[in-house]
A.B. asks: 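Sharing a structure below in structure tokens format, with a few things to ask.
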Amino acid sequence: MVQISPMAGKTLPSAQLTDIPALIAAYYDRKPDVSIPTQRVSFGTSGHRGSSFHTSFNENHILAICEAISRHRKAEGIDGPLFIGMDSHALSGPAQKSAIEIFAAHGLDVRIDEKGGYTPTPVISHAILTYNKGRTTGLADGVVITPSHNPPSDGGFKYNPPNGGPADTSITKAIQDMANGFLADGMKDVKRLPYEEAKKAACIKGHDYVTPYVEDLDAVIDMKAIRDAGVKIGIDPLGGAAVGYWQPIIDRYGLNATVVSTEVDPTFSFMTADWDGQIRMDCSSPYAMARLIEMGDRFDVAFANDTDADRHGIVAQPDGLMNPNHYLAVAISYLFQNRPEWGKDLGIGKTLVSSGLIDRVAKDIGRKLVEVPVGLKWFVPGLLDGSLGFGGEESAGATFLRRDGTVWTTDKDGIILGLLAAEITAKTGKNPSVHYHEIIARLGTPYYARIDAPASPEQKAKLSKLTPEQFPLETLAGDKIISKLTRAPGNDAPIGGLKVVTENGWFAARPSGTEDVYKIYAESFKSEAHLKAIQDEAQAAISKVFAA
């Protein structure tokens, strides 16, 4: 069983907060040693992440990554603007300075927030796509400096190519390998200007990110309906990058909305601790969201975003904080029945560890389901060409097309998912939580959970290369197995693990990329007891595979 900390859902005493001056000093003082695996540049699904305290996110990492990005752009002929956004984590500011030193030395056309503010991930995606629309040359790309919802001591750095979405693994591997080469070689081939000189360079330009994004929102959300219905909305930016966006949105569209806090503090001292007593800006955690949940009954609907605003957390009665899977099902059901300009052949994109309730909703509304491996990058082609109306994943990240059926963003957008909850409430007179209960009354109640189980590096490697034939079970928790998948049915890409499906439930097992565990996602449409049986049988069967 997971041990819940006694501090979960409470604010931490000052002695337990991150020492920000020490964190920033470590960013500059500590030099990574590439012979130590944890100190190398490592691009996961959302870029390179780490902490300067662990010598995993330091000045040399960012200088090396930015040198690699500069060379990648040149090799690929990408010579339009490079849009840079950052969130409110303490390491984001120093990392942006490091990036400017490199990019200015290469003479890249860099666009940073004109007021020195924060820029959410979806706003960078929107800026790239808006700039590139109709162009075939001089294309823009972008960088977002964020570790997402991670603790205050973490930093993160991710690259979005001209398609506006997360870079695919071929790009990130090339950048990662080149960056590690610079680190190993003592940084001698890294081209750099002193910051004071770099920031004055003609190629480093201020950019208004707020206005174009805010002005364009009614192309994707029915903002007039929200205003006319007077939906009472509560918004908590959780001290993140969207903090400077919500008031302009409220003012521009005349919304009946309250931003419950505009506080920004690099220690995130105002946050209530997550399940393990650590601060995380995780808007899908009831512990981290305690403040907004407590206020929930003051609003018709309320929502929050994580620090780079690519995730959403929806608070609506009777549920309080909605499970992300439940809200995705509601959002899909509503969108595909309330977007008359969306073509009849538009598909619904889901990751294979998202709820089977989405499959049932897709069947119910007669839409094609496109199931892909974990990661929003798999939805990018379909969002770009307009064949996918929606792409979402179980970890509260999603985006969808404009009302006219063209691309909005190719990265997760927690801002529009929050506003969609208000549109649903405005147009139907019922909040998303009420809609969820109506859906499960027709389609069945899902019982969903994710657990971690120990696995050595060798076992994780075995799991990632598993074939269906190596998993001999014919039944799971009393039900006949319908399919065993090691490739995603939506695009035939390897899932790096196994998914086993029955009529009444499923499980998926995948190795963790960072810890010596594997993750078991499981769901039952029968009961909690049936879910437990699925989990137990899955774990026992995988243990046999490991032992074989």
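Just so it is clear, the values below take in all heavy atoms, side chains as well, and ignore hydrogens, waters and symmetry mates. Model, not experiment: these values are computed from the prediction.
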A.B. asks: Say you draw a straight line from CD of Glu341 to CG of Leu346; how long is it, rounded to the nearest 0.5 Å?
C.D. replies: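 It comes to 11.5 Å.
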A.B. asks: Quick check for you: to the nearest 0.5 Å, what is the distance between Ile102 atom CD1 and Arg71 atom CZ?
C.D. replies: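 CZ of Arg71 is found 10.0 Å from CD1 of Ile102.
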A.B. asks: Side chains of Asp265 and Ser269 only: does a donor on one sit below 3.5 Å from an acceptor on the other?
C.D. replies: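 On atom types as modelled, these side chains qualify, holding a pair under 3.5 Å.
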A.B. asks: Could you tell me whether a side-chain N or O of Asp113 sits under 3.5 Å from a main-chain N or O of Gly116, the two making a donor and an acceptor?
C.D. replies: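 Indeed, once roles are kept as given, a pair shorter than 3.5 Å links the two residues.
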A.B. asks: Under a 3.5 Å distance rule, please check whether Asn305 uses its side chain to pair with a backbone N or O of Ala309 as donor and acceptor.
C.D. replies: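 No, the answer is negative, given that no donor and acceptor are paired below the 3.5 Å cut-off.
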A.B. asks: Please tell me whether Thr18 and Thr267 have a donor and an acceptor in their side chains that are separated by less than 3.5 angstrom.
C.D. replies: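 Thr267 and Thr18 do not have a side-chain donor-acceptor pair below 3.5 Å.
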A.B. asks: Closer than 3.5 angstrom, by distance alone: can the side chain of Asp185 be matched with the main-chain N or O of Lys188 as a donor-acceptor pair?
C.D. replies: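 Not confirmed, Asp185 side chain does not pair with Lys188 backbone.
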A.B. asks: Decide yes or no for Leu419 and Met223: does some side-chain heavy atom of the first lie under 4.5 Å from some side-chain heavy atom of the second?
C.D. replies: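 Yes, close enough: below the 4.5 Å cut-off.
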A.B. asks: Check this for me: Glu294, atom CD, are more than 12 non-hydrogen atoms of other residues, nucleotides or ligands nearer than 6.0 Å?
C.D. replies: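 Not buried by this count: 12 neighbours or fewer within 6.0 Å.
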A.B. asks: Which heavy atom of Gln96 sits nearest a heavy atom of Ile145, and at what distance?
C.D. replies: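 Smallest interatomic distance, heavy atoms only, reads CA-CD1, 3.5 Å.
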A.B. asks: With ring pair (Phe, Tyr, Trp, His ring centres under 6.0 Å) as the rule and sequence neighbours excluded, what pairs involving residues 244-269 come up?
C.D. replies: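 Non-adjacent pairs meeting ring pair (Phe, Tyr, Trp, His ring centres under 6.0 Å): His89-Phe268, Trp246-Phe303, Phe268-Phe270.
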A.B. asks: Do other residues, nucleotides or ligands put more than 12 heavy atoms under 6.0 Å from Lys519 NZ?
C.D. replies: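 Correct, the count exceeds 12.
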A.B. asks: Pro237 versus Thr262: any side-chain heavy-atom pair under 4.5 Å?
C.D. replies: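 Answer no - side chains too far apart.
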A.B. asks: Check whether any side-chain heavy atom of Met271 sits under 4.5 Å from a side-chain heavy atom of Thr11, and report yes or no.
C.D. replies: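 SC-SC contact between Met271 and Thr11 ruled out.
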A.B. asks: Once rounded to the nearest 0.5 Å, what's the spacing between atom CD1 of Ile100 and atom NZ of Lys199?
C.D. replies: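 Interatomic distance, Ile100 CD1 to Lys199 NZ, rounded to 0.5 Å: 9.0 Å.
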A.B. asks: Got a sec, which residues hit ring pair (Phe, Tyr, Trp, His ring centres under 6.0 Å) with Tyr213, two or more places apart in sequence or on another chain?
C.D. replies: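 In terms of ring pair (Phe, Tyr, Trp, His ring centres under 6.0 Å), with neighbours along the sequence ignored, Tyr213 is linked to His126, Trp408.
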A.B. asks: Could you tell me if Gln247 and Asp251 have a donor-acceptor pair between their side chains, going purely by distance under 3.5 Å?
C.D. replies: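 Yes - a donor-acceptor pair under 3.5 Å links their side chains.
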A.B. asks: Once you measure the plane-to-plane angle for Tyr327 and His312, does it fall in the parallel (<30°), tilted (30-60°) or perpendicular (>60°) bin?
C.D. replies: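 Judged by the thresholds at 30° and 60°, the geometry between Tyr327 and His312 is perpendicular.
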A.B. asks: Could you tell me whether the side chain of Thr172 and the main chain of Thr169 form a donor-acceptor pair under 3.5 Å?
C.D. replies: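 Yes; judged by distance alone, with no hydrogens or angles, the pair exists.
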A.B. asks: Holding to salt bridge (charged side-chain N to carboxylate O under 4.0 Å, His left out), I want the full list of residues that pass it with Asp411, two or more places apart in sequence or in another chain.
C.D. replies: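 None.
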A.B. asks: Show every ring pair (Phe, Tyr, Trp, His ring centres under 6.0 Å) that has at least one partner inside residues 149-176, sequence neighbours left out.
C.D. replies: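 As it turns out, the ring pair (Phe, Tyr, Trp, His ring centres under 6.0 Å) pairs with a partner in residues 149-176, which skip direct neighbours, are His72-Tyr159.
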A.B. asks: Does the Lys377 side chain pair with the main chain of Val374, one donor and one acceptor, at a distance under 3.5 Å?
C.D. replies: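 No: the side chain of Lys377 does not pair with the backbone of Val374.
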A.B. asks: What do you reckon, is NZ of Lys31 surrounded by more than 12 foreign heavy atoms closer than 6.0 Å?
C.D. replies: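 Yes, enclosed.
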A.B. asks: Can any side-chain N or O of Ser88 pair as donor or acceptor with the backbone N or O of Val264 at less than 3.5 Å?
C.D. replies: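 Absent.
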A.B. asks: Please say whether the positively charged group of Arg30, taken as NZ for Lys or CZ for Arg, lies over the ring of Tyr27, i.e. under 6.0 angstrom from the six-membered ring centre and within 45 degrees of the axis.
C.D. replies: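 Checked: cation-pi criterion not met.
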A.B. asks: How about Asp222 and Arg403: do any of their side-chain heavy atoms sit closer than 4.5 Å?
C.D. replies: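 Asp222 vs Arg403: side chains touch.
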A.B. asks: With a 3.5 Å distance limit and no angle check, can you tell me whether Glu371 reaches the backbone of Lys350 through a side-chain donor-acceptor pair?
C.D. replies: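 Side chain of Glu371 to backbone of Lys350: no pair is present.
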A.B. asks: Is the backbone N or O of Asp236 less than 3.5 Å from a side-chain atom of Arg291, with the two atoms forming a donor-acceptor pair by type?
C.D. replies: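 A pair under 3.5 Å: no.
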A.B. asks: Suppose we screen for salt bridge (charged side-chain N to carboxylate O under 4.0 Å, His left out). Which residues come up paired with Glu215, at least two apart in sequence or across chains?
C.D. replies: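 In terms of salt bridge (charged side-chain N to carboxylate O under 4.0 Å, His left out), with neighbours along the sequence ignored, Glu215 is linked to Arg252.
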A.B. asks: Provide the full list of side chain to side chain donor-acceptor pair (under 3.5 Å) pairs with a residue in residues 100-109, sequence neighbours left out, each pair given once.
C.D. replies: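 For residues 100-109: Glu67-His106, Glu101-Arg192, Asp109-Arg111, Asp109-Lys205.
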A.B. asks: Any carboxylate oxygen within less than 4.0 angstrom of a Lys/Arg side-chain nitrogen, looking at Arg49 and Asp154?
C.D. replies: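 Answer for the salt bridge query: no.
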A.B. asks: Does a donor on one side chain and an acceptor on the other come within less than 3.5 Å for Ser148 and Asn150?
C.D. replies: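 Not at all, the side chains of Ser148 and Asn150 share no donor-acceptor pair under 3.5 Å.
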A.B. asks: Who are the side chain to side chain contact (heavy atoms under 4.5 Å, CB included) partners of Ala184, not counting sequence neighbours?
C.D. replies: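 If we apply the side chain to side chain contact (heavy atoms under 4.5 Å, CB included) test to Ala184, skipping adjacent residues, the hits are Val34.
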A.B. asks: Any side-chain to backbone donor/acceptor pair from Asn180 onto Val41? Under 3.5 Å, distance only.
C.D. replies: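 Yes.
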A.B. asks: Does any part of the side chain of Pro324, heavy atoms only, come nearer than 4.5 Å to the side chain of Glu394, both counted from C-beta?
C.D. replies: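 No, too far: nothing below the 4.5 Å cut-off.
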A.B. asks: Indicate the atoms forming the closest heavy-atom contact of Leu108 with Leu82, along with that distance.
C.D. replies: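 Here Leu108 and Leu82 meet closest at CD1-CD2, 4.4 Å.
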A.B. asks: Taking atom types as modelled and ignoring hydrogens, do the side chains of Tyr334 and Glu423 form a donor-acceptor contact shorter than 3.5 angstrom?
C.D. replies: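 A donor-acceptor contact under 3.5 Å links the two side chains.
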A.B. asks: Are any of the side-chain heavy atoms of Leu420 and Phe400 separated by less than 4.5 Å?
C.D. replies: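 With C-beta onward as the side chain, the pair touches.
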A.B. asks: In Å, rounded to the nearest 0.5 Å, how long is the span from OG of Ser125 to CG of Asp413?
C.D. replies: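 Taking OG in Ser125 and CG in Asp413, the distance rounds to 8.0 Å.
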A.B. asks: Could you pull out all residues at least two apart from Arg40 that satisfy salt bridge (charged side-chain N to carboxylate O under 4.0 Å, His left out)?
C.D. replies: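 For Arg40 there are no salt bridge (charged side-chain N to carboxylate O under 4.0 Å, His left out) partners, ignoring immediate neighbours.
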A.B. asks: State which residues pass ring pair (Phe, Tyr, Trp, His ring centres under 6.0 Å) with Phe336; sequence neighbours excluded, sorted by chain then number.
C.D. replies: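 Phe336 satisfies ring pair (Phe, Tyr, Trp, His ring centres under 6.0 Å) with Trp342 once adjacent residues are dropped.
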A.B. asks: Any side-chain heavy-atom pair from Ser285 and Asp274 closer than 4.5 angstrom?
C.D. replies: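 Ser285 reaches Asp274 side chain to side chain.
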A.B. asks: Without hydrogens or angle criteria, can the side chains of Asp308 and Thr121 be said to hold a donor-acceptor pair below 3.5 Å?
C.D. replies: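 Indeed, the side chains of Asp308 and Thr121 share at least one donor-acceptor pair under 3.5 Å.
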A.B. asks: For Gly9 and Ala290, work out which heavy atoms get closest and say how close.
C.D. replies: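 Closest approach of Gly9 to Ala290: O-CB, 4.0 Å.
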A.B. asks: Checking side-chain polar atoms at under 3.5 Å, does Ser354 have a donor or acceptor matched by the opposite partner on Thr351?
C.D. replies: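 The answer is yes; a qualifying pair exists.
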A.B. asks: Walk me through whether Ser56 and Thr38 qualify under side-chain hydrogen bond (donor to acceptor under 3.5 Å, both in side chains).
C.D. replies: CA-CA 6 Å; Ser56 52; Thr38 56; over 6 Å; no
A.B. asks: Do Thr258 and Ile233 have side-chain heavy atoms sitting under 4.5 Å apart?
C.D. replies: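 No; the side chains remain at least 4.5 Å from each other.
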A.B. asks: About how many Å separate CG of Leu238 and CE of Met289, when rounded to the nearest 0.5 Å?
C.D. replies: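 Met289 CE to Leu238 CG: 6.5 Å, rounded to 0.5 Å.
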A.B. asks: Looking at Cys283 and Asp306, what are the two nearest heavy atoms and their distance?
C.D. replies: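 The pair with the smallest heavy-atom distance is SG-N, 3.6 Å.
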A.B. asks: Look at the side chain of Ser355 and the backbone N and O of Asn325, then say whether any donor-acceptor pair between them is shorter than 3.5 Å.
C.D. replies: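 Not a single qualifying donor-acceptor pair exists.
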A.B. asks: About how many Å separate CG of Asp216 and CD1 of Ile416, when rounded to the nearest 0.5 Å?
C.D. replies: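 Reported value, rounded in 0.5 Å steps: 11.0 Å.
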A.B. asks: Check whether the side chains of Thr55 and Asn58 place a donor and an acceptor atom closer than 3.5 Å, and report yes or no.
C.D. replies: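 Thr55 vs Asn58: no donor-acceptor pair found between side chains.
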A.B. asks: Taking side chain to side chain contact (heavy atoms under 4.5 Å, CB included) as the test, write out the residues that go with Ala64, two or more places apart.
C.D. replies: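 For Ala64, the residues satisfying side chain to side chain contact (heavy atoms under 4.5 Å, CB included) (neighbours in sequence not counted) are Ala179, Phe182, Leu183, Met187.
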A.B. asks: Name all residues meeting the ring pair (Phe, Tyr, Trp, His ring centres under 6.0 Å) criterion together with Tyr195; count only those two or more places apart in sequence or in a different chain, and write none if there are none.
C.D. replies: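 Result, ring pair (Phe, Tyr, Trp, His ring centres under 6.0 Å) vs Tyr195: none returned.
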A.B. asks: So, using ring pair (Phe, Tyr, Trp, His ring centres under 6.0 Å) as the criterion, who are the partners of Phe83 when residues are at least two apart?
C.D. replies: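 His207.
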A.B. asks: Can you tell me if Asp87 and Thr146 form a side-chain donor-acceptor pair at under 3.5 Å?
C.D. replies: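 Yes - a donor-acceptor pair under 3.5 Å links their side chains.
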